[in-house]
Amino acid sequence: MKQPYLLLTPGPLSTTPSVKDAMQIDYCTWDSDYRTVTETIREQILALANANPATYTTVLLQGSGSYGVEATIGTAIPRDGATLLIAINGAYGQRISEIAEYYRIPHVDIVFNEDEAVAPARISEALATHPEITHFAMIHSETTTGILNPIEAIVPMLKERGIITIIDAMSSLGGVPLDMDTLACDYLVSSANKCVQGVPGFAFIIAKQAVLVETADNARSLCLDLYAQWQAMTKQPGKWRFTSPTHVVHAFAQALIELTAEGGVTPRYQRYHANQILLSDGMQALGFDLVIDPADQGPIITSFKYPSQHFDFDDFYQFIKERGFVIYPGKVSAIPSFRIGTIGDVDTADIKRLLAIIGDYQQLNR
Ligand SMILES: *Cc1c(COP(=O)(O)O)cnc(C)c1O
């Protein structure tokens, strides 16, 4: 089967033929072959984040990334006596606030403009005025815009006060160097179909064992009980609680092999970064202004303003799609914009082809 276009979207994204091939075999979930694959993945995820296996563990969870975030919020935060501080500068931060509403978790939202990075000073102010805060959550790479939030400057302020910290690193883990041992956050959530370049189907949570072990009776959902999922996976190593996405797990194992073959997270970051710089410079030369200050911009996805009031995004999208690329509509409410991802099995030659197509579109619509 021929792939009709390359996805320039932040997940699902374009995977390699060998990752797709890994899904051609049907595996049995209780067989030792499969369980070994699961255990290997759990160990390799820790290595990706530079998380010491003596301190941290990985829990795999069926579903998309949001299932992982919800399971973490709903398990980490006790039913009573806890307050969650949430830093929000986009739709994914907002989603955490929505999860807190569903779970009736008292929460304090610090809301930034969507084109602004989370500012450490405002978090420190909030901590001073809200001594009741016990937990904190924020997004590392806010995929709404492409901002990379400064978690390294923020997490230590929370740790100092003994606040449990939860980082949504969905669209950064595997593509942006992260050092859990230094960061020392309690939970970090990501999923199969982003920078590791697997296919969609499960989320994973890196958790501090000493913290997770205290959460036994917290969950308000059977399927999203992170503690129970961890216990099941630990008691029978490699065995998932409930049916696991076997084909997806194998694709992920292959994706990890390919990440290692690329040289690991830093070379992958460099490839994404080179894609992003080429895209950003090329688009600006074609008349598309940036939404985000380059100082806050990450390598994952870039938002561009509509070049004029008359810009017809649907027409632009179709023109590009017919020529082999799929891009993303904008998600910033206040600014008419669209987004182009630079992650997945994509390199600068692809970005050059895309820029040539967009150049043709601009010529035709002048
Ligand atoms: C992709 C993503 C998620 C999860 O979204 P799903 O659609 O549930 O996979 C959460 N947070 C961020 C920052 C993301 O990029």
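All ligand and atom numbering here is 1-based and tracks the order in the structure. When reading the values below, keep in mind they use all heavy atoms of this one structure, side chains included, and skip hydrogens, waters and symmetry mates.
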For atom 3 (C) of ligand 1, what's the nearest protein heavy atom and its distance? Met170 CG, 3.4 Å
Between ligand 1 and Ser191, is the shortest N or O to N or O distance under 3.5 Å? no
Side-chain donor-acceptor pair under 3.5 Å between Gln254 and Glu258, yes or no? yes
Ser66 N/O to ligand 1 N/O under 3.5 Å: yes
Within the 3.5 Å criterion, strictly below it, is a donor on Lys20 or Thr15 matched to an acceptor on the partner's side chain? yes
Return the orientation label for the Phe288 and Phe316 ring planes: parallel under 30°, perpendicular over 60°, tilted otherwise. tilted
Need the ligand 1 atom indices (1-based, order shown) with element for anything under 4.0 Å from a heavy-atom of Gly65. 4 (C), 6 (P), 8 (O), 9 (O)
Fit a plane to each ring of Tyr306 and Phe313, take the angle between them on a 0 to 90° scale, and name the class: parallel (under 30°), tilted (30 to 60°) or perpendicular (over 60°). parallel
Any side-chain donor-acceptor pair under 3.5 Å between His250 and Gln24? no
Less than 3.5 Å apart, any donor N or O on the side chain of Trp240 or Thr29 sitting next to an acceptor on the other? no
Proximal candidate to atom 1 (C) of ligand 1 [heavy atom criterion; set Glu70, Arg95, Glu142, Lys194]: Lys194
Below 4.0 angstrom from a heavy atom of Ser141, which ligand 1 atoms are there? Numbered from 1 as shown, please. 13 (C)
Asp168 near ligand 1, heavy-atom distance under 4.0 Å? yes
Report, in ascending order of atom number, the atoms of ligand 1 lying under 4.0 Å from any heavy atom of Ile139. 13 (C)
Apply the side chain to side chain donor-acceptor pair (under 3.5 Å) test between Tyr103 and each candidate in Glu70, Arg220, Arg79; give the one that qualifies. Glu70
I'd like to check which ligand 1 atoms, numbered from 1 as shown, lie under 4.0 Å from a non-hydrogen atom of Ser171. 15 (O)
With respect to atom 15 (O) of ligand 1, which of Ile300, Thr143, Ile96, Asn193 exhibits the smallest heavy-atom separation? Thr143
